[in-house]
Amino acid sequence: MKTMKKLLSLPLNLVKYFHQIENKDEESWFCTSDPEGSHVGSGGGTAWLLKEMWKNSNTHFGDWLKKEKRIIMHAGGQSRRLPAYAPSGKILTPIPVFRWERGQKINQNLLDLQIPLYEKILQKSPKHLNTLIASGDVYIQSDEDSKALPDVDIVCYGLWANAELASNHGVFVCNKNASEELLYMLQKPSPQLLKDLSRDQLFLMDIGIWVLSDKAVNVLLKHSGYSLDENGQLSTPENLDFYDLYGDFGLNMGSETTGKNPEINALKIAILPLPKGEFYHFGTSRELISSTLSIQNRIIDQRSILHKDDKPHPSMFVQNADIKIKLRTDQRNLWIENSFIGENWSLQSEHIITGIPKNNWTVNLPNGVCLDIVPIEEDSYCIRPYGFHDAFRGPVNDDTTNWQGDSFNQWLSQRHLSFKDLDFPENTDLQAAPIFPVLTLTDSFEALLSWMIDPTEDKTLSSLWLSSERLSANDISKKASLSRLYDQRELFRSKNIVQLHQNYAKSVFYQSDLNYIAEHVAQHNIDLKPHLSFDNSFLQMQEYMFQAKIKKYLNQDNTLEEQKAFNLLSDIIVDSLGYEQPEPQLNVFQDQIVWGRSPVRIDLAGGWTDTPPYSIAYGGAVVNMAINLNGQPPLQVYIKPSKEYKVILRSIDIGVREDVTTYQEISQFKQVGSAFSIPKAALYISGFNEKSPYKSLEEHLKAFGSGIEITMLAAIPKGSGLGTSSILSATVLGALSNFCGLNWDQNDLNQRTLVLEQLLTTGGGWQDQFGGILPGIKLIETQKGGNQTPNISWAPEFIFSKPENKACMLLYYTGITRTAKNILSEIVTGMFLNESKNTKILKDIKQHAFETFKVLQSGNFNDFSDCVNLTWEQKKKLDQGINPPGVEKIIAMIKDHAAAYKLPGAGGGGYLFIIAKDPQAAGIIRKTLHNNPINNRARFVDIDLSPTGFQVTRS
């Protein structure tokens, strides 16, 4: 996988602050602004960005272009119609946590939301499609993975849209019989034109996501005026012209375009509908609220809404703010961010309020008027009022140029001023007009602010306005102190964290990224009183782990809080079973032996989503297959009656025996290093414990009718990654159920195995035991909630059993072991805390399970190999430690002949599952690893799909 860089075109002032205020590393994130004084357009801006990043590489441009994949985002506009976020760029607009989503950070912005989708698209692009271009003022949502990109020169994504919506954007007109074929492109066509052409053609709205091949990038550079010399050096034209990617380049694309550029026209174009895509624009003040509201309301199923807010009206959004007034139900379209609103403020509707420092002002904000206070230099602030619908475009002397909902001339007249009083030409564009005063927070600040939004006849204030340093909207963006702006936001956010925590029942607190909040609390020394009692056990569990994480960031002992969280998780799982004390009854003849045996499993997709608490919060989905090793089920358990009234435990593979005579000894299943923790815990769950009506184990066994002799055989090394401990637990429980007449079915075995693992404190999910209990290749899915009873769907087995396919599937024991308990603890801790990065990865992993199952149903072996590859990449993202140097050494020897490979289970060692490119390649892999073993334990193992799963029989 190539590295993936992010290239941002930003406002000039933001460039110097970006890496500091956003905490981004300069290696992965490159930013610059368009050349000063030039309006180069999206095409020319793309060329400029590429040239600016390349020029320090000391590399031939063509070599540099294909070396890595990159996301280019254009976010350097003036933001005339969304002044509130012009200084920091619309791309850094703070976006509230979605009420239906877990794992989002309370400091998230538009950039954070955009990047994951673009990364997914590039991950599925062919090796020569390396450059994705997108806009910085949109959020595009897709609930379904996009398919692999076709091997063309340019891929453009579109959305199916009605004619009225599409008419405000670019439109791809496509062949009705081949929807990926672009006929031509239109820019903002009329709704009627679209309705007319839809009779014979298809149209999709351009959402601004274009993926360009290296060839297409070079064509774009050429038409933007750049050239490559004979040494591969990129030259910039002396005078940069405007060149638009969509309006100039795009209008020359397609098989039936009327454009006159044959070089662009010759490029192969594919138009892809974004699956289940949604488009949200953040270009104007109105869209800031309407798009945010639409996102919050895209899920209306009350069962999926994670917090029930009590806002007076849904169109109110308050973040990073301290508000001392009560908002009303009659107020609409209200956005308050990074602001202090004192008790003497009066608000109406249609306000965007940003940047207000702590104050004791009396402010009456008229309906439709917005207010932005921007820090300038060390201690000054710029006062910027404006209208909710202002476009900041047009000469100030034109009565159709609105400011605060009226003409600028009217604003002057109301304050007994005229154009002759001004120190700038009266035909100055509103965006460039220096009308916003800069002051320190003195007594006159409040008076001048009120005068600007509500006229009075105070000539002193008119004079103060005229004599003050005044900035234009353009100047504000150039001179804003973004470090001060961000510092103020952090102070408000710290106070909000306390409020969100206190008001958890109606806030996003426990659905947000608690790891981020814990780090913030520790860094800023926030006094956060722990919640000690909840009605909701899941929230209590999260609170314990949250407090543990705070202590960890403070380098304090967090063992107690962490253990409370895991204990509570265990209780939730045990309680979900509705546990009743079993009454075991001897169910065999005295000379009979119960023989239980199980295959192991190889997980193919979805691993980790089966693990509580993730599966409880979201539901899980995994695809795995049950396999026998070297022609036999490798996990076997023998149980027979004993004449001695005790429990005799034997392990054939370890060669040890233990005699158990008391309940206390059975209850010691948590004892570290015990070879018989599993059978002891299984006996406990089967009713042989102090909760029984018998005073002693001996008395219990006499009433039972015999002692019990349990012999185990695990013909597989520990730490194999094949689900050994869970499946062995299920096998012991299944054999005991038969022996003791408990009549547990497959779901009972699964639930009790979950309980057993919680009793052993090994944690873990349900896929291992179901992977071995159930035969064949299957999709196992559970719904969210405490009841993790799964739904099972089976895939056809011919993808495995066809001779040419089976010959390509190899299982190699690496001789490297890594037990899952520590890995589980680390990743499960992240699940407790809704850790943002892992939550996103787990969501992708779950979706990939469904995609893999579809591929298995289709029977396409090559696509199946691709699915296994993606599973491996996803697991490495979740835990970098799964691929130790020893395994890397093995992979290096075989990767040229392998179509896919992965370590089953939590990873780090054990077995390596390999899919060879063909049977001949499989032979080469076998020979290579046989001749070059990494240690004296490494070996190949024959595998067969198990047609039976768990079996239990009697002699």
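Just so we're clear, the structure is a prediction, and the values are computed from it rather than from any experiment.
Two residues are said to be in side-chain contact when any heavy atoms from C-beta on lie closer than 4.5 Å; Val868 and Trp872 fail this criterion. Contact check for Thr829 versus Met545: side-chain heavy atoms found under the 4.5 Å cut-off. When side chains are defined from C-beta on, Phe739 counts as touching Pro641, because their heavy atoms get closer than 4.5 Å. Side-chain contact check for Arg597 versus Thr731: every heavy-atom pair is 4.5 Å or farther apart. Put simply, the side chain of Leu604 reaches to within 4.5 Å of the side chain of Ile777, judged on heavy atoms. A heavy-atom distance below 4.5 Å is not found between the side chains of Val622 and Lys846. For the pair Asn791/Ser793, a side-chain contact is recorded, criterion being any heavy-atom separation below 4.5 Å from C-beta on. Side-chain atoms of Ile602 and Leu811, non-hydrogen and from C-beta on, do get closer than 4.5 Å to each other.
Between Arg752 and Asp748 there is a salt bridge, since at least one side-chain N of the basic residue sits less than 4.0 Å from a carboxylate O of the acidic one. Between Asp944 and Lys806 a salt bridge is recorded (basic side-chain N to carboxylate O distance below 4.0 Å). Comment: Lys551 does not engage Asp557 in a salt bridge, judged by the lack of any side-chain N to carboxylate O separation of less than 4.0 angstrom. A salt bridge links Lys702 with Glu698: the distance from a Lys NZ or Arg NE/NH1/NH2 to an Asp or Glu carboxylate oxygen falls below 4.0 Å.
Residues passing the ring pair (Phe, Tyr, Trp, His ring centres under 6.0 Å) test with Tyr911, sequence neighbours excluded: Tyr813. In this structure, the side chain to side chain contact (heavy atoms under 4.5 Å, CB included) partners of Asp653, at least two apart in sequence or on a different chain, are Ser651, Leu713, Ala714.
Under a cut-off of 6.0 angstrom, the local environment of NZ in Lys640 is sparse, with at most 12 non-hydrogen atoms contributed by other residues, nucleotides or ligands. Residue Lys646 places its NZ atom among more than 12 non-hydrogen atoms of other residues, nucleotides or ligands, all under 6.0 Å distant. With a 6.0 Å radius and a threshold of 12 heavy atoms from other residues, nucleotides or ligands, Phe798 has its CZ atom above the threshold. Under a cut-off of 6.0 angstrom, the local environment of CD in Glu583 is sparse, with at most 12 non-hydrogen atoms contributed by other residues, nucleotides or ligands. Counting heavy-atom neighbours within 6.0 Å of Lys552 NZ, excluding the residue itself, gives a total of 12 or less.
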Run the side-chain donor-acceptor check on residues 626-639: report pairs under 3.5 Å with partners two or more places apart or on a different chain.
| residue | atom | partner | partner atom | Å |
| --- | --- | --- | --- | --- |
| Asn630 | OD1 | Asp942 | N | 3.1 |
| Gln636 | OE1 | Trp595 | NE1 | 3.0 |
| Gln636 | OE1 | Tyr638 | OH | 3.0 |
| Gln636 | NE2 | Pro633 | O | 3.0 |

Side-chain donor-acceptor distances from residues 562-569 under 3.5 Å, at least two apart:
| residue | atom | partner | partner atom | Å |
| --- | --- | --- | --- | --- |
| Gln563 | NE2 | Asn567 | OD1 | 2.9 |
| Asn567 | ND2 | Gln563 | O | 3.3 |

Quiz: residues 895-906 side-chain donor-acceptor pairs under 3.5 angstrom, not counting sequence neighbours:
| residue | atom | partner | partner atom | Å |
| --- | --- | --- | --- | --- |
| Lys902 | NZ | Asp603 | O | 3.0 |
| Lys902 | NZ | Asp603 | OD1 | 3.4 |
| Lys902 | NZ | Asp603 | OD2 | 3.3 |

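A donor-acceptor pair under 3.5 Å links the side-chain atoms of Asn689 to the main chain of Tyr684, judged by distance alone. Without hydrogens or angle criteria, Lys837 side chain to Lys877 main chain gives a donor-acceptor distance under 3.5 Å. A donor-acceptor pair is defined here as one N or O able to donate and one able to accept, closer than 3.5 Å; such a pair exists between the side chain of Asn805 and the backbone of Ile799. Using a distance-only test at 3.5 Å, with no hydrogens or angles considered, a donor-acceptor pair links the side chain of Ser865 to the main chain of Phe861. Not one N or O on the side chain of Thr852 forms a donor-acceptor pair closer than 3.5 Å with the backbone of Cys867. Between the side chain of Asn935 and the backbone N or O of Ala938, at least one donor-acceptor pair lies under 3.5 Å. Of the possible donor and acceptor atoms, none in the side chain of Arg601 sits under 3.5 Å from a partner among the backbone N and O of Gly771. Checking side-chain atoms of Thr609 against main-chain N and O of Ala621 turns up a donor-acceptor pair under 3.5 Å. For Ser720 (side chain) and Gly910 (main-chain N/O), no donor-acceptor pair under 3.5 Å exists by modelled atom type. A donor-acceptor distance shorter than 3.5 angstrom exists from the side chain of Lys778 to the backbone of Leu774, with no hydrogens or angles considered.
The heavy-atom pair separating Leu878 from Ile845 by the smallest distance is CD2-CD1, 4.3 Å. Summarising the geometry of Ala681 relative to Leu760, their closest heavy-atom pair is CB-CD2, 4.0 Å, with the distance given to 0.1 Å. Shortest non-hydrogen contact noted between Ser737 and Asn743 is OG-N, 3.3 Å. Between Ala922 and Cys808, the shortest heavy-atom contact is CB-CA, 4.3 Å. Looking at every heavy atom in both residues, Met809 comes nearest to Phe913 through SD-CZ, 3.8 Å. Here the closest heavy-atom approach between residue Gly596 and residue Phe950 is recorded as CA-CE1, 4.2 Å.
Test Ile780, Asp610, Leu749 against Phe770 for side chain to side chain contact (heavy atoms under 4.5 Å, CB included) and you get one pass: Ile780. Looking at Glu665, Arg657, Glu658 one by one, the single match for side chain to side chain contact (heavy atoms under 4.5 Å, CB included) with Phe676 turns out to be Glu658. Exactly one of Asn587, Val952, Ile710 qualifies for a side chain to side chain contact (heavy atoms under 4.5 Å, CB included) with Val594. That residue is Val952.
If you check the side chains of Ser729 and Glu757, you find no donor sitting under 3.5 Å from an acceptor.
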**Study point:** side-chain hydrogen bond (donor to acceptor under 3.5 Å, both in side chains) between Gln581 and Ser692, worked out
**Key:** CA-CA 7 Å; Gln581 175 76 5; Ser692 75; 5.3 Å; no

Exercise for review: Quick one: do Tyr645 and His700 satisfy side-chain hydrogen bond (donor to acceptor under 3.5 Å, both in side chains)? Show the steps, please.
Suggested key: CA-CA 9 Å; Tyr645 294 112; His700 194 163; over 6 Å; no

Exercise for review: Tell me, with the steps shown, if Asn883 and Glu888 meet side-chain hydrogen bond (donor to acceptor under 3.5 Å, both in side chains).
Suggested key: CA-CA 6 Å; Asn883 194 22; Glu888 269 293 329; 2.4 Å; yes

Practice item. Could you walk me through whether Phe589 and Gln592 pass the side chain to side chain contact (heavy atoms under 4.5 Å, CB included) test, one step at a time? Key: CA-CA 5 Å; Phe589 294 109; Gln592 275 190 308; 3.4 Å; yes

**Study point:** Full working for side-chain hydrogen bond (donor to acceptor under 3.5 Å, both in side chains) between Gln788 and Ser615
**Key:** CA-CA 8 Å; Gln788 288 291 290; Ser615 59; 3.2 Å; yes

Check your understanding: Would Ser667 and Glu690 satisfy side chain to side chain contact (heavy atoms under 4.5 Å, CB included), going step by step from the backbone distance to the final call?
Key -> CA-CA 9 Å; Ser667 299; Glu690 63 278 356; 3.3 Å; yes

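Residue pairs meeting the side chain to side chain donor-acceptor pair (under 3.5 Å) criterion with at least one partner in residues 923-932, sequence neighbours excluded, are absent.
You'll find the ring centres of Phe704 and Phe688 inside the 6.0 Å limit.
The aromatic rings of Tyr618 and Tyr614 sit parallel to each other, their planes meeting at less than 30°, with 60° as the upper class boundary.
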